[in-house]
Number of protein chains: 2
Amino acid sequence: MENKKLPHDHGTHTLEIFKGTYENRSFEDAADIFSLVSDSTRLKIFCLLCHTEDCVINIAAAVQMSSPAVSHHLRVLKNARLISSRKAGKEVYYTVADTREAELLHAAVDKMMEIRGCDTL
Amino acid sequence: MENKKLPHDHGTHTLEIFKGTYENRSFEDAADIFSLVSDSTRLKIFCLLCHTEDCVINIAAAVQMSSPAVSHHLRVLKNARLISSRKAGKEVYYTVADTREAELLHAAVDKMMEIRGCDTL
DNA sequence: CACTCACTTAAACGATTAAACAATTATTTA
DNA sequence: TAAATAATTGTTTAATCGTTTAAGTGAGTG
């Protein structure tokens, strides 16, 4: 990006856009977060946990998947700090995490649904 | 979801969440849109085009990728109506599309960057 | 009319990812 | 302590995704 020039000069400031702004790492981090909800089952689980707290087998029943599959997705979401868990007896209860990323994603998903003409929860 | 019961009754309303709200198809559609920016190079291209309009080889130079690779990503983004294009002579100019989805994604990405402590454009 | 440049398309390869199954860990209860 | 249940982990298989290479289309130029 330094002193390079664009192949064509159309009077744009295209190269300047990336100067002194987001680092490459930032794009990767942001893309990683979006990839968490780029899978419909994971998005469904996240949305569910935005509105309730429940254990693995109940979540599995709600999204109609096996426990191991749900557990796997839950781990992915938890590693990204989008959901949190608490242990109570034999069960582990999951719900949305209290982070700004989770809050943003929840808002973004709701607005996306709204744009696409879906009823809101 | 109809008259099923959860394996465990913890007094939650987990199954109710999915009743009469988003359809399964809605989750898939929303996930598809998020998957568009779940790739860092595509996110980078989208962000770039949110702030400028330029031709393929200039975009390719800015993100340091080959023209075919960029062209491929541009088509994906355009099919999803996140970006638009206009032809001028030999060149094709791309920029962000004037849709609510694009607007939402742009806002979401900016906020994501802000949360993660990045400078804004 | 041929040449060059800009872009697109197609095919192939490598890498990532999800789902299904089996096995293991951990906790409660009898 | 043994049995039962909940959840996690690891593995395998299949599919998806992104990139690259090479060929092809089309517009401008000498």
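A, B, ... follow the sequence lines: proteins, then strands. Residue 1 opens every chain. These numbers were taken from a predicted model, which means no experiment stands behind them.
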Nearest whole angstrom, please: distance from the [atom2] of [N] to the [atom1] of [X].
X: A:Ile57; N: D:dT5; atom1: CD1; atom2: P; result: 11 Å
X: A:Leu77; N: D:dA7; atom1: CG; atom2: P; result: 16 Å
X: A:Arg86; N: C:dT27; atom1: CZ; atom2: P; result: 16 Å
X: A:Lys78; N: D:dA7; atom1: NZ; atom2: P; result: 13 Å
X: B:Lys44; N: D:dG18; atom1: NZ; atom2: P; result: 15 Å
X: A:Asp32; N: D:dG18; atom1: CG; atom2: C1'; result: 15 Å
X: A:Leu43; N: C:dA18; atom1: CG; atom2: P; result: 13 Å
X: A:Glu91; N: C:dT29; atom1: CD; atom2: P; result: 10 Å

Please check the phosphate of [N] (OP1 and OP2 only) for any side-chain N or O of [X] closer than 4.0 Å.
X: A:Arg75; N: D:dT8; result: no
X: A:Arg42; N: C:dA18; result: yes
X: B:Ser71; N: C:dT8; result: yes

- Nearest-0.5 Å distance that lies between atom SG in A:Cys50 and atom CD in A:Glu103: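 Separation between the atoms: 10.5 Å.
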
Of the listed nucleotides ([options]), which one gets closest to any side-chain atom of [X]?
X: B:Cys55; options: D:dG18, D:dT8, C:dC7; result: C:dC7
X: B:Lys90; options: D:dT5, D:dG28, C:dC7; result: D:dG28
X: B:Val92; options: D:dT8, C:dA26, C:dC7; result: C:dC7

- Task: Quick one: sort the B:Phe34 and A:Phe34 rings into parallel, tilted or perpendicular, breaks at 30° and 60°.
- Result: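 Rings of B:Phe34 and A:Phe34: parallel, under 30°.
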
- Taking the side chain as every heavy atom from C-beta outward, state whether B:His106 and B:His51 have any atom pair closer than 4.5 Å.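 The answer is yes; the side chains approach within 4.5 Å.
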
- Query: Is the number of heavy atoms from other residues, nucleotides or ligands within 6.0 Å of CG (A:Asn79) greater than 12?
  - Reply: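 Yes, CG of A:Asn79 has more than 12 neighbouring heavy atoms, counting only those of other groups under 6.0 Å.
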
- Can you get from B:Ile45 to B:Val96 by hopping between Ile, Leu, Val, Met, Phe, Trp and Tyr side chains that sit under 4.5 Å apart?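 Yes; tracing contacts between hydrophobic side chains, which count when under 4.5 Å, links both residues.
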
- A:Met65 and A:Ile57: same hydrophobic cluster, using ILVMFWY side-chain contacts below 4.5 Å?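 Hydrophobic grouping puts A:Met65 apart from A:Ile57.
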
- Query: Which part of the nucleic acid, if any, lies within contact of A:Tyr94, taking any heavy atom under 4.0 Å across all strands shown: a base, the sugar-phosphate backbone alone, or nothing?
  - Reply: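 Here A:Tyr94 touches the backbone only, sparing every base.
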
Can you name the atoms? Protein N/O to nucleotides 19-25 of chain D N/O, anything below 3.5 Å, with the distance.
unit_1, atom_1, unit_2, atom_2, d
D:dT19, OP2, B:His73, NE2, 2.3

- Can you tell me if A:Ser38 uses its side chain to pair, donor with acceptor, with the backbone of A:Ser35 under 3.5 Å?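 Answer holds: yes.
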
